[in-house]
There are 2 protein chains.
Amino acid sequence: MKKFTKTLIKNSLRRIFLYRACLNRLKMMGMEKVFSYTLAMEAGVSPDQVRKDFSEFNIKGNKRGGYNIDELLEKMENIFYKNREHNIVLVGMGNLGLALSKYSRFLQRNMNIVATFDIDPFKQKARTEIPVYGMDRLKEIIQRFKVKVAIIAVPEISAQQVCDDLVKAGVKGIVNFAPVLLKTPPNVIVNNVNLCDELESVIYYVHHQLKIEGLKNIELLYGDMK
Amino acid sequence: MKKFTKTLIKNSLRRIFLYRACLNRLKMMGMEKVFSYTLAMEAGVSPDQVRKDFSEFNIKGNKRGGYNIDELLEKMENIFYKNREHNIVLVGMGNLGLALSKYSRFLQRNMNIVATFDIDPFKQKARTEIPVYGMDRLKEIIQRFKVKVAIIAVPEISAQQVCDDLVKAGVKGIVNFAPVLLKTPPNVIVNNVNLCDELESVIYYVHHQLKIEGLKNIELLYGDMK
DNA sequence: TACTTAATGTGAAAAAATTCACAAAAACAC
DNA sequence: GTGTTTTTGTGAATTTTTTCACATTAAGTA
């Protein structure tokens, strides 16, 4: 019997994002090129993994010369996003929604929250510069801004309804902070973020004093890796 | 060459959390027992997966009778957490930190943020009921409340320093919202949450209109699964 | 230029995760 | 009580992911 999950983000893609963050950091530190080895250290993966991931996304370096950081970053930006701006909407202006609407890092990465929605649009209006609309204007605004991606930060109970409305309005991708499995048509991708689970899983490991493989020996992380 | 990553949360454990959320929902809907099939539908995985995961955590059902929801939930709570309360601290009271400190779902799951910290403890003091301390009191308070798990919601630049301080104070598990790979001793578990990456990966898929396997056919999700 | 060294890129091998498939047990029917 | 059906639980098979290993290429050196 097949798996029904609409999962999700491939590991290799997740790591590409990770690599990019590392590259930006290394660049800020004044570096101009990296080897798979360097980047692997920074990202906490194996050099083979880095190369394999690059290979999957058809990113090439120079043999012996490693990778030029700027080229890598440009490739990542251009190939994946074509330097576009992305218009996002956010539904649910509770505490979390409000915080997300103010999260400046989204903007730094060209992800632009053009509008937010709430059943009570007056609630947070004073606290944010991004417009807060009532749910009745969802479709209109999504279509006006050609929004394809939305963030759901509403309570569990209303998440599916909001999701359905978003999909009806033309949204094709959702980051869902409500702890429910949203039912969507197959061409709509959902990425779930469950803050409680993140915390609880850490608690579980701490509780069980689980030793994580490959870290038995801290030297591995910092020392000579030959 | 070995992998250096301090990764992380096993898939099966993540799914156990997912199952629990589903079970709570099903219970609220009035159900008393489930079959692996039912739960799988709700959780968006295969029934085999459910049983395999249960098997890994040594959770047993009754042949032909399925699983009693209350028993399952109790097993999950008792075996994993022994109904303990967990004292957490949160470092970084920016927008995100403030939102997390107010996230009521943590409390519902017995995860109790006993204190928060910020370089400027007066900044958010008026806006929250949880005490906000300066960084100088980190160690004292962590030790007083026997805190083992912390949330880092500080800017990237100071994350490693905060992490080091937490570890020195006795913290064994960290949920890290800063987009850096934290370096920790091997007995400290770190779980990274990168909000930008979550959003960007969705954008990537939407952009590429990637069809997710197993969902080509929506009937699979709702229809007869024989 | 030829020789050495150091890094990439990628099939092959190994490991891990998932799905299959079926024996075993429990519920139900008659 | 016997037979039938349904669902669990788990080794085996399969698929996916990661790591290994090495041929290939480029840079440096004399």
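Order of the sequence lines sets the chain letters (A, B, ...), proteins ahead of strands, with each chain counted from 1.
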Can you confirm if the aromatic rings of B:Phe54 and B:Tyr67 lie within a centre distance of less than 6.0 Å?
yes
Checking A:Gln108 now: which residues fulfil side chain to side chain contact (heavy atoms under 4.5 Å, CB included) with it, not counting sequence neighbours?
A:Ser104, A:Arg105
Starting at [atom1] of [X] and ending at [atom2] of [N], how long is that distance when rounded to a whole Å?
X       : N      : atom1 : atom2 : answer
B:Phe35 : C:dA26 : CZ    : C1'   : 11 Å
B:Phe57 : D:dT8  : CZ    : P     : 19 Å
A:Arg51 : C:dA6  : CZ    : P     : 15 Å
B:Lys63 : C:dA23 : NZ    : C1'   : 9 Å
A:Tyr37 : D:dT19 : OH    : P     : 16 Å

Result of checking A:Leu138, A:Ile88, A:Ile113, A:Val114 against A:Val147 for side chain to side chain contact (heavy atoms under 4.5 Å, CB included)
A:Val114
Looking at [X], does any N or O in its side chain come under 4.0 Å of the phosphate oxygens OP1/OP2 on [N]?
X       : N      : value
A:Ser36 : C:dT8  : yes
B:Gln49 : C:dT19 : yes
A:Asn11 : D:dT18 : yes
A:Ser55 : C:dT10 : yes

Shortest non-hydrogen contact from B:Ala153 to B:Phe177?
CA-CB, 4.4 Å
Before you tell me yes or no, could you show the steps for B:Glu32 and B:Lys27 under salt bridge (Lys or Arg N to Asp or Glu O under 4.0 Å), namely the whole-Å CA-CA distance, both residues' side-chain angles and the distance that decides it to 0.1 Å?
CA-CA 6 Å; B:Glu32 284 181 9; B:Lys27 188 181 168 183; over 6 Å; no
Is it the case that the base of C:dA7 and the side chain of A:Arg64 share a donor-acceptor contact (distance under 3.5 Å, atom types as modelled)?
no
Dump the pairs, protein N or O against N or O of nucleotides 13-15 of chain D, anything under 3.5 Å, distances to one decimal.
none

Once rounded to the nearest 0.5 Å, what's the spacing between atom CG of B:Leu96 and atom CG of A:Asn95?
11.0 Å
Regarding [X], tell me which of base, sugar-phosphate or nothing describes its non-hydrogen contacts under 4.0 Å with the strands shown.
X       : result
A:Gly65 : nothing
A:Lys60 : sugar-phosphate
A:Tyr67 : sugar-phosphate

Begin from the C-alpha positions of A:Tyr19 and A:Asp53 and carry the test side-chain hydrogen bond (donor to acceptor under 3.5 Å, both in side chains) through to its verdict.
CA-CA 10 Å; A:Tyr19 300 151; A:Asp53 288 335; 2.6 Å; yes
Regarding the side chain of A:Lys52, the nearest nucleotide among D:dC20, C:dG11, D:dT8 is C:dG11
